[in-house]
Amino acid sequence: MVNDCLRLCVQSGDYSYESVKLACFPRMREYQIHDAYRVSAMYEASNLLKKFRTDSRRKKINPPRCRNFFISASLGVWLEDGDLRLPELGKIPMTNHSLSELRQQGVSITSVTLTPRTCSVIYRKPVEMIVPTGMVGIDLNLDNITSFDTSGSTNRYDIGALAEIHETYRRVKSRFRRRDRRIKRNLFRKYADIEWDRKNAIMHEVSRRIVDNAFEKRLAIVLEDLRGLREMYRKESGNSSYYLSKMNAWPFWQILHRIAYKAEWRGIPVHVISPEWTSEKCSSCGGRMADPPVDGDDVVCLSCGLVIDRDLNGAKNILRRGLRSRPGGSAGEAMMGGQVSERRPNPGADADHPTSHDK
Ligand SMILES: [Zn+2]
């Protein structure tokens, strides 16, 4: 259905949902299916076309096609006796965790999407913003996440397992000797799914612990904006393929995203700061840290001689930048240099003015 819409609309140049609907509705009527699925097919087509328009401005690309199997509904979805019900489809049993989320006061389901492997439910719930009493800086590294907060305490969360899992599956795949390409592709896809499930479980667990800590201590969270980091680890960068594979498998964006949305769900303000120089500068005087590390994970400052754990130094710098980026941030921190960009996920919600809002 989505591909039908794409074919019908790609020439028109008008990709708004209303135009897609106007052009495609007669064709959609031919499908013997509930209205809810017609609407979401046209909506998906409209989104793919808008993305196509944006992307084709930068380079020449083929018209979009929908290649994934899915069915999605935003109308006529409801909960009944612990099952999710979609129009003209059977019951979808929910886990207790999902049910307890969906049954909270004020929750409304926006849409449900089924793929051969997953069922995703998008829902809205009202969130009461907390009034933070401090801030915590989060430094993401290859094998750990280090936090440092305004009360002076630091935490380290081990994520070394993510790289280990990646390495295990990389080795399994490199030993694979079957010639049949189709069998190989299907098997690789299966491995990729298992690998992802295992990594995902770890990322959820770690981000939940970070957010739980921030919530208990009433701390706003400061994260680095790591978009664009991937650019540094492309083929042309001159690094070994082993190193590139390791870096590209490092799911930094997924971890940050999980921390950010879990925090928003709990009403914790999230500040996003520029990652420039957060690991190269001294967290005490703002001078430059010597490279390489002096002893194991410790780095030394070339100006004041401070010897400090590299990751803790990063977390301190991130916290500092977060404090400075906040409205009325301390001017004394201007010596840190570097640019600050702040992006608030909830423009309507300010830390000083707790409000209730939809997420
Ligand atoms: Zn220093």
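Note that ligands are numbered from 1 as they come in the structure, with each ligand's atoms numbered from 1 the same way.
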- Item | Pairwise side-chain contact, F52 with N47, heavy-atom cut-off 4.5 Å (strictly under) | no
- Query: Residues in salt bridge (Lys or Arg N to Asp or Glu O under 4.0 Å) with E101, at least two apart?
  - Reply: K125
- Should the pair D309-R156 be classified as a salt bridge under the 4.0 Å nitrogen-to-oxygen rule? yes
- Message: Can you count the protein N/O/S atoms lying under 2.8 Å from the Zn ion (ligand 1), leaving waters out?
- Response: 4
Mind listing the side-chain donor-acceptor pairs of residues 182-189 below 3.5 Å, one per line with the distance, residues two or more places apart or on another chain?
none

- So, does N144 use its side chain to make a donor-acceptor pair with the main chain of I159 at under 3.5 Å? no
Under 3.5 Å, side-chain donor or acceptor atoms of residues 213-223 against the rest of the protein: list the pairs with distances, not counting sequence neighbours.
unit_1: N213; atom_1: ND2; unit_2: Y157; atom_2: OH; d: 2.8
unit_1: K217; atom_1: NZ; unit_2: D149; atom_2: OD2; d: 2.9
unit_1: K217; atom_1: NZ; unit_2: S153; atom_2: OG; d: 2.7

